[in-house]
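Data block below; observations after.
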Amino acid sequence: MQATLYLVVVLAVGAPATKENAKKDPPSIEGEWRVESMIDNGVPRPIRDGEISFTFTKDKNYIVVENAMKSPATTFRIDLKMTPHEIDLDFPGVPGLILHGIFKIEGDTLTLCTANPLAKLPRPTEFESAERSGRRLFVFKRAKKE
């Protein structure tokens, strides 16, 4: 009996990982994301469909399109080892100004929370934007490939 139990334990420990418990790569931020909602300092801002989009590229640049106006390509950095994941976005057209934020990707939804860089606030630690917090909370949907 003990030998059988020992064999079962050894086989279970040495068994290859199943699809369910295999470590998955985190979802990629690369691609186009359209803003669905935004809360700025606790105040929801109405967003029209397709009004604002961010595109993150493989070469660590991002482009913002707002009301058909396209920003120059600007650098971003992410740290997936941190929980929540951290992101730094160089502010378009303003050298040295950096938006510090956190993000998470769940399926086709990207949630991003940033701190006002002019107020020199610390990086957010939660996905919230309270009144007078100096935080913006964005919810994006991944753009469908046409």
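Just so it is clear, the model here is predicted, and its values are computed rather than measured. Reckoned from all heavy atoms, side chains included, excluding hydrogens, waters and symmetry mates.
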Sidechain-backbone polar pair: R135 side chain, T114 backbone, donor-acceptor under 3.5 Å: no
message: I'd like to know if I47 and V65 are part of one continuous hydrophobic network [Ile/Leu/Val/Met/Phe/Trp/Tyr, side-chain heavy atoms within less than 4.5 Å].
response: no
message: Is there a salt bridge (Lys or Arg N to Asp or Glu O under 4.0 Å) between D108 and K141? Walk through the geometry before answering.
response: CA-CA 6 Å; D108 285 338; K141 284 293 182 188; over 6 Å; no
- prompt: Which pair of non-hydrogen atoms, one from L121 and one from A115, has the smallest distance, and what is that distance?
  reply: CB-CB, 4.0 Å
- prompt: Roughly how far, to the nearest 0.5 Å, is OG1 of T57 from CZ of F76?
  reply: 6.0 Å
query: Distance from K60 atom NZ to E30 atom CD, nearest 0.5 Å?
result: 6.0 Å
- request: Before accepting this row, confirm whether a basic side-chain N of the pair E36/R34 lies closer than 4.0 Å to the acidic partner's carboxylate O.
  value: no
message: Test your reading of the model: is there a side-chain donor-acceptor pair from T55 to the backbone of S53, 3.5 Å cut-off?
response: no
field: Test: R45 and E51 ion pair at under 4.0 Å
entry: yes
query: Looking at D88 and G101, what are the two nearest heavy atoms and their distance?
result: OD1-N, 4.4 Å
Cluster check L110, I39: I/L/V/M/F/W/Y, side chain < 4.5 angstrom: no
field: Point-to-point distance, once rounded to the nearest 0.5 Å, from CG of L112 to CG of L89
entry: 6.5 Å
- request: Could you tell me the separation between the NZ atom of K104 and the OG1 atom of T111, rounded to the nearest 0.5 Å?
  value: 5.0 Å
- prompt: Do NZ/NE/NH1/NH2 and the carboxylate oxygens of D90 and R77 come within less than 4.0 Å?
  reply: yes
message: Between N41 (side chain only) and S133 (backbone N and O only), is there a donor and an acceptor less than 3.5 Å apart?
response: yes
- request: Evaluate the side-chain proximity of Y62 to P92: yes if any heavy-atom separation is below 4.5 Å, no if none is.
  value: yes
query: How about D49: does its CG atom have over 12 heavy atoms from other parts shown lying under 6.0 Å from it?
result: no
field: Same apolar cluster (I L V M F W Y, side chains within < 4.5 Å links), F91/I52
entry: yes
query: Are F140 and V64 connected in a single hydrophobic cluster, I mean Ile/Leu/Val/Met/Phe/Trp/Tyr linked by side-chain heavy atoms less than 4.5 Å apart?
result: yes
field: Stepwise side chain to side chain contact (heavy atoms under 4.5 Å, CB included) check, V35 with V139
entry: CA-CA 6 Å; V35 176; V139 176; over 6 Å; no
task: Output yes when a side-chain donor or acceptor of S129 lies under 3.5 Å from a complementary backbone atom of G42, and no otherwise.
output: yes
message: How long is the straight-line distance from CG of L80 back to CD1 of I29, given to the nearest 0.5 Å?
response: 8.5 Å
- prompt: Residues two or more places apart in sequence or in another chain: which of them pass salt bridge (charged side-chain N to carboxylate O under 4.0 Å, His left out) with E126?
  reply: none
message: Measuring only between side-chain heavy atoms, which start at C-beta, is L99 closer than 4.5 Å to P117?
response: yes
task: To the nearest 0.5 angstrom, please state how far the CZ atom of R123 sits from the CD1 atom of I87.
output: 9.5 Å
- prompt: Under 4.5 Å between any side-chain heavy atoms of I63 and T74, yes or no?
  reply: no
task: State, yes or no, whether a side-chain contact exists between W33 and I105 at a heavy-atom distance under 4.5 Å.
output: yes
query: Where does the angle between the aromatic ring planes of H85 and F103 fall among parallel (under 30°), tilted (30 to 60°) and perpendicular (over 60°)?
result: tilted
query: How about N116 and R136: does a side-chain donor come under 3.5 Å of a side-chain acceptor?
result: no
message: Could you tell me if the side chain of L97 sits less than 4.5 Å from the side chain of L118, heavy atoms only?
response: yes
